[in-house]
Amino acid sequence: MPISQSMIARVQEVVDMAAFEVFVTTVVAGAVFAFLLRRFNVTRVHPSLKGYQKLGTTGPSNLLDEYDSGYTIPQASQTIKDGAGWKVKALLIHPIKSCAPVELSSAEVNGTGFVWDRKFAFAELLTPQARRDAVDEAKKPQWTFRTQRTPGYEKLAHVRPEVWLRPRNNDSHVSTPQDGMLIVSYPYTPSGPFASFVKFFLPSFLLPSKSSFSVPLELPDNHDYPVERVTIWKDSPLWVNVGRHVPESFRLYLGAKNALTLFRVDPNSPREVFRCAPRKEQLGYQANVGFADAYPVHLLNISSVHDIGERVKEDIPRFSSRRFRPNILIQGPAAFNEDDWKIIRIGTHVFFCACHTVRCRLPNVDPDTGARHPVEPDKTLKSFRCIDDGDPLNACLGLQLVPAEGQVFQVHVEDEVVVLERGEHHYIKQ
């Protein structure tokens, strides 16, 4: 029986209708699936935060005008009298090392630095390049901290921690997990058995914009988390592995090739601060740090940042102070005036300026995009900021501080900054 054109047209119509129905069914199913994903994502990772307070500024950011030309004060400028009007412009903490900051209007400080600053860090399980004659212990895989310095970990710039605190019961001296929560958000990346379906069929507007997970800020003495060694530079403290809270989707987001976990500082195993820092006999307490590189507090002068920004503006038009990850950003002094500060007072509290901050290539990563510039600002910094004979091959910008008191006190935005003593710095390497 010959096939007529009308029969062919009818078959085509049926095929088209079936394809259309499959398409509609897929879209509807995808929308329902996306709705469930969003709902599941919110309810699964966010505990009830009723009674908690989010740590951070309550008003506009103090960094909104950080690019304003009014903060450009040349090094030789005499327009502002030494010390007149110098003050704290912004305060920041980085609860997870190398992740996004939390901006504060006032901050608690103690002998370890800003409370909740760099108390957590991600670590990767790496096999060390040990010598052939090394003992077996030296050849075992080790947890090694990871930051934006490491190529491939620039995505940490988009990992946003939030600190949620609940006021303590004054009648209780027992630390419980309910005292605070760390909520960690990161861009949503499909994972699991439906990942291919999600990536292929669902438009981005139907998908969650982010994923997140939560970690208790404080741990009771009888916690059952493993306590393991984690390598941070030349230190290997025994700290708390809280990786059970980190979902597999986070490792996939970062693209980690090995096992990945999250460590929390154990206050019972401090990294004591020596090198350029004042000693216990002078301070009255032993300074120590968590995941900070070497010293408790990092201070930066916004005029110095503007000087660098002007030199690299063709490569980086909007050069943010956040690239240098300070705790205290000050305004008022001319560029690099801080280079010879030895003792300062912020508000009513004294800090020892232990040494210059020796810079690595981490500031090459844009804190907004996570993109790494191949050379800047590292190249420009090294062209004129290798100023410390203790490390003549590396550039310096900013100061490392040690509080003069070990007990908790507060500093605030707008606090006056006064230089009490000036002198030379000689950096001591790790």
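Between Ile73 and Pro333, the shortest heavy-atom contact is CD1-O, 4.0 Å. Of all heavy-atom pairs between Pro237 and Ile232, the closest is CD-CG2, 4.0 Å. Contact between Asn364 and Asp378 at its shortest, heavy atoms only, is OD1-N, 3.3 Å. Listed here is the closest heavy atom pair of Arg275 and Ile428: NH2-O, 2.7 Å. Nearest heavy-atom pair, Tyr295 versus Cys355, reported as atom, atom and distance to 0.1 Å: CE1-SG, 3.5 Å. Residues Pro326 and His94 approach most closely at O-CE1, 3.5 Å, considering heavy atoms.
At a threshold of 4.0 Å, the pair Arg325-Asp117 does not count as salt-bridged, since none of the basic side-chain nitrogens sits closer than that to a carboxylate oxygen. For Lys379 and Glu376, the salt-bridge test fails: no basic side-chain N is under 4.0 Å from an acidic carboxylate O.
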Side chain to side chain contact (heavy atoms under 4.5 Å, CB included) between Ile328 and Val297, intermediate numbers included: CA-CA 8 Å; Ile328 302 174; Val297 178; 3.8 Å; yes

Show, in sequence, the C-alpha distance, side-chain angles and deciding distance for Lys87 and Glu416, and conclude whether the side chain to side chain contact (heavy atoms under 4.5 Å, CB included) test is met. CA-CA 4 Å; Lys87 61 184 181 180; Glu416 183 185 34; 5.6 Å; no

In sequence, state the C-alpha distance, the side-chain angles, and the governing distance for Thr261 and Glu228, and then conclude on side chain to side chain contact (heavy atoms under 4.5 Å, CB included). CA-CA 11 Å; Thr261 195; Glu228 302 180 72; over 6 Å; no

Checking salt bridge (charged side-chain N to carboxylate O under 4.0 Å, His left out) for the pair Asp293/Arg149: CA distance, chi angles, key distance, verdict? CA-CA 12 Å; Asp293 283 342; Arg149 297 177 182 88; 2.5 Å; yes

CA sep, side-chain torsions, deciding dist, call: Tyr285, Gln407, side chain to side chain contact (heavy atoms under 4.5 Å, CB included): CA-CA 9 Å; Tyr285 75 96; Gln407 299 302 312; over 6 Å; no

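Remark: side-chain polar atoms of Gln286 are paired, donor with acceptor, to backbone N or O of Val273 under 3.5 angstrom. Between the Asn301 side chain and the Ala334 main chain, a donor and an acceptor come within less than 3.5 Å of each other. Looking at Arg279, its side chain does come within 3.5 Å of a backbone N or O of Ala277 through a donor-acceptor pair. No donor-acceptor pair under 3.5 Å is formed between the side chain of Lys97 and the backbone N or O of Ala292. Judged by distance alone, with hydrogens and angles left aside, the side-chain atoms of His373 form a donor-acceptor pair with the main-chain N or O of Val375 at under 3.5 Å. When atom types are taken as modelled, the side chain of Arg229 and the backbone of Gln142 share no donor-acceptor pair closer than 3.5 angstrom.
For the atom pair OG (Ser249) and CG (Leu254), the distance works out to 10.0 Å, reported to the nearest 0.5 Å. Interatomic distance, Leu299 CG to Glu338 CD, rounded to the nearest 0.5 Å: 7.0 Å. Atom CG of Asp415 and atom CH2 of Trp86 lie 16.0 Å apart (nearest 0.5 Å). To the nearest 0.5 Å, the span separating CG on Asp339 from OG on Ser304 amounts to 7.0 Å. Considering SG of Cys396 and OH of Tyr427, their distance stands at 8.0 Å, rounded to 0.5 Å. Separation of atoms OG1 (Thr357) and NE2 (His298) is listed at 3.5 Å; rounding is to 0.5 Å.
You'll find the side chain of Glu218 reaches within 4.5 Å of the side chain of Arg264, heavy atoms only. Two residues are said to be in side-chain contact when any heavy atoms from C-beta on lie closer than 4.5 Å; Pro95 and Val184 fail this criterion. The closest side-chain heavy-atom distance from Val417 to Trp341 is below 4.5 Å. A heavy-atom distance below 4.5 Å is found between the side chains of Leu397 and Leu300. A 4.5 Å side-chain heavy-atom check between Leu156 and Val159 finds at least one atom pair inside the cut-off. Using a 4.5 Å heavy-atom cutoff, the side chains of Arg322 and Asp368 are in contact. Side chains of Arg244 and Pro226 form a contact here, defined as non-hydrogen atoms less than 4.5 Å apart. Side chains of Ile344 and Leu399 form no contact here, defined as non-hydrogen atoms less than 4.5 Å apart.
Other residues, nucleotides and ligands contribute over 12 non-hydrogen atoms within 6.0 Å of the NZ atom of Lys382.
A side chain to side chain donor-acceptor pair (under 3.5 Å) check over residues 386-396, counting only residues at least two apart or in different chains, returns the pairs His356-Asp388, Asp389-His426, Asp391-Asn394. Listed by first and then second residue, the ring-ring contact (aromatic ring centres under 6.0 Å, His included) pairs that reach into residues 222-244 are Phe145-Trp233, His223-Tyr225, Tyr225-His245, Trp239-Phe291, sequence neighbours excluded. Applying the ring-ring contact (aromatic ring centres under 6.0 Å, His included) test to every pair with at least one member in residues 387-423, sequence neighbours left out, gives these pairs: His349-Phe409, Phe351-Phe409.
By the side chain to side chain contact (heavy atoms under 4.5 Å, CB included) test, Thr369 pairs with Asp366, Ala371, sequence neighbours left out. Evaluation of the ring-ring contact (aromatic ring centres under 6.0 Å, His included) rule for Trp116 yields no partner, not counting sequence neighbours. Scanning for ring-ring contact (aromatic ring centres under 6.0 Å, His included) contacts around Phe122 gives Phe250, with sequence neighbours left out. Under the rule for a side chain to side chain contact (heavy atoms under 4.5 Å, CB included), the partners of Val365 that lie at least two apart in sequence or sit in another chain are Gln148, Glu154, Arg372. Not counting sequence neighbours, the partners of Asn110 by the side chain to side chain contact (heavy atoms under 4.5 Å, CB included) test are Thr112, Val115, Val408. Under the side chain to side chain contact (heavy atoms under 4.5 Å, CB included) criterion, Pro278 pairs with Gln282, Leu283, Phe352, Val402, not counting sequence neighbours. For Phe384, the ring-ring contact (aromatic ring centres under 6.0 Å, His included) test picks out Phe336, with sequence neighbours left out. With sequence neighbours left out, the side-chain hydrogen bond (donor to acceptor under 3.5 Å, both in side chains) criterion links Gln331 to no other residue.
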Under 3.5 Å, which donor-acceptor pairs do the side chains of residues 56-65 form with other protein atoms, sequence neighbours left out?
from, atom 1, to, atom 2, distance (Å)
Ser61, OG, Leu63, N, 2.9
Ser61, OG, Glu103, OE1, 2.6
Asn62, ND2, Glu103, OE2, 3.4
Asp65, OD1, Lys89, NZ, 2.7
Asp65, OD2, Tyr71, OH, 2.8

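Judged by distance alone, the side chains of Glu66 and Ser320 do bring a donor and an acceptor atom under 3.5 Å apart.
Both the sub-6.0 Å distance and the 45° axial angle are not jointly satisfied by Lys155 relative to the ring of Tyr186.
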